[in-house]
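Everything below concerns the one structure shown next.
Computed from a prediction, not measured in an experiment: that's the story for all the values here. For the numbers below, each heavy atom of this structure counts, side chains included, while hydrogens, waters and symmetry mates do not.
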Amino acid sequence: MSDDILQRLTETIASRKGAAAESSYVAKLFSKGDDAILKKVIEEAGEVLLAAKDGDKSHLVYEVADLWFHCMVLLQHKDLSANDVLQELARREGVSGIAEKASRK
């Protein structure tokens, strides 16, 4: 189920990439470029932190969904997708976090 949702959302976001800015929220973000998209990711990350501190689980889920969505917009803007992130997570599966971090040096 989650892969289907991610795939459909990826396709929808990709379809907005070349669209007129007035046609959708995502098209408008794409038209504004890096700064606008990055600002939204930072804003949503802050809202996730505040929701986590509040202790309201449904609010936290709502805000994480917003963050994931805007991260997916950022990925698409950089010609990447959620699948690229999933592949990276698969690569890391079963690898110690300490070992994985050390391998980046």
Side-chain angles (χ1 to χ4, degrees):
M1 178 178 121
S2 60
D3 287 347
D4 292 340
I5 291 169
L6 287 177
Q7 183 60 38
R8 287 192 310 269
L9 186 54
T10 295
E11 290 168 4
T12 299
I13 291 169
S15 75
R16 304 295 198 265
K17 196 167 185 180
E22 309 80 42
S23 66
S24 76
Y25 170 74
V26 173
K28 188 175 189 178
L29 274 178
F30 282 140
S31 74
K32 291 182 176 183
D34 281 355
D35 288 346
I37 296 167
L38 294 171
K39 182 179 177 184
K40 283 304 296 183
V41 170
I42 290 169
E43 176 186 322
E44 297 302 338
E47 290 176 6
V48 166
L49 297 177
L50 293 174
K53 287 188 73 150
D54 286 347
D56 180 340
K57 290 182 180 182
S58 62
H59 185 217
L60 177 58
V61 168
Y62 179 89
E63 294 300 345
V64 170
D66 280 353
L67 177 59
W68 284 13
F69 174 82
H70 286 90
C71 285
M72 290 179 71
V73 171
L74 174 61
L75 288 168
Q76 188 60 232
H77 183 64
K78 299 296 186 179
D79 297 321
L80 295 165
S81 72
N83 194 51
D84 294 302
V85 176
L86 293 173
Q87 288 176 2
E88 176 60 17
L89 290 172
R91 183 191 69 77
R92 294 181 189 187
E93 187 175 17
V95 177
S96 155
I98 294 169
E100 196 286 321
K101 190 167 184 173
S103 74
R104 292 189 234 163
K105 292 181 179 180

Query raised in the report: Can you tell me how far CD of E88 sits from CG of L80, rounded to the nearest 0.5 angstrom?
Result: 11.5 Å
Query - Pairwise side-chain contact, F30 with I37, heavy-atom cut-off 4.5 Å (strictly under) - result: yes
Query raised in the report: If we only count heavy atoms from C-beta on, is the L75 to D84 side-chain gap below 4.5 Å?
Result: no
Requested in this report: Could you name each residue pair satisfying salt bridge (charged side-chain N to carboxylate O under 4.0 Å, His left out) that touches residues 67-76, not counting sequence neighbours?
Outcome: none
Query raised in the report: Would F69 end up clustered with L38 when hydrophobic side chains under 4.5 Å apart are linked, directly or stepwise?
Result: yes
Query - Note, L6 side chain near M72 side chain (heavy atom, < 4.5 Å) - result: yes
**Report entry** Pairs touching residues 54-83 that satisfy salt bridge (charged side-chain N to carboxylate O under 4.0 Å, His left out), sequence neighbours left out
**Finding:** K17-D79, D34-K78
Requested in this report: Starting at OG of S24, measure out to CG of L29 and round the result to the nearest 0.5 Å.
Outcome: 8.5 Å
Report task. Go through V48 and L60 one step at a time and tell me if the side chain to side chain contact (heavy atoms under 4.5 Å, CB included) criterion holds. Result -> CA-CA 6 Å; V48 166; L60 177 58; 4.0 Å; yes
Query raised in the report: Residues two or more places apart in sequence or in another chain: which of them pass side-chain hydrogen bond (donor to acceptor under 3.5 Å, both in side chains) with E43?
Result: K40
**Report entry** For Y25, all residues meeting side-chain hydrogen bond (donor to acceptor under 3.5 Å, both in side chains), sequence neighbours excluded
**Finding:** H70
Query raised in the report: Should I13 and L86 be counted in the same cluster of Ile, Leu, Val, Met, Phe, Trp and Tyr side chains packed under 4.5 Å apart?
Result: yes
Report summary line: Across all chains, not counting sequence neighbours, the side-chain contact (heavy atoms from CB on, under 4.5 Å) partners of S15 are none
Requested in this report: Look up atom NZ in K32 and atom NZ in K39, then write down how far apart they are to the nearest 0.5 Å.
Outcome: 8.5 Å
**Report entry** Minimum-distance pair of heavy atoms, taken over all atoms of S23 and A19
**Finding:** OG-CB, 3.4 Å
**Report entry** side-chain hydrogen bond (donor to acceptor under 3.5 Å, both in side chains) partners for E11, two or more places apart
**Finding:** Q7
Query raised in the report: V26 versus T12: any side-chain heavy-atom pair under 4.5 Å?
Result: no
**Report entry** Heavy-atom closest pair, residues L67 and A45
**Finding:** CD1-N, 3.8 Å
Report task. Answer yes or no: is there a side-chain heavy-atom contact under 4.5 Å between D4 and R8? Result -> yes
Requested in this report: Flag yes if L49 and W68 sit in one hydrophobic cluster, no otherwise; membership is Ile, Leu, Val, Met, Phe, Trp, Tyr, and two members link when side-chain heavy atoms are under 4.5 Å apart.
Outcome: no
Report task. Could you tell me which non-hydrogen atom of A27 sits nearest to which non-hydrogen atom of A20, and how far apart they are? Result -> CB-O, 3.3 Å
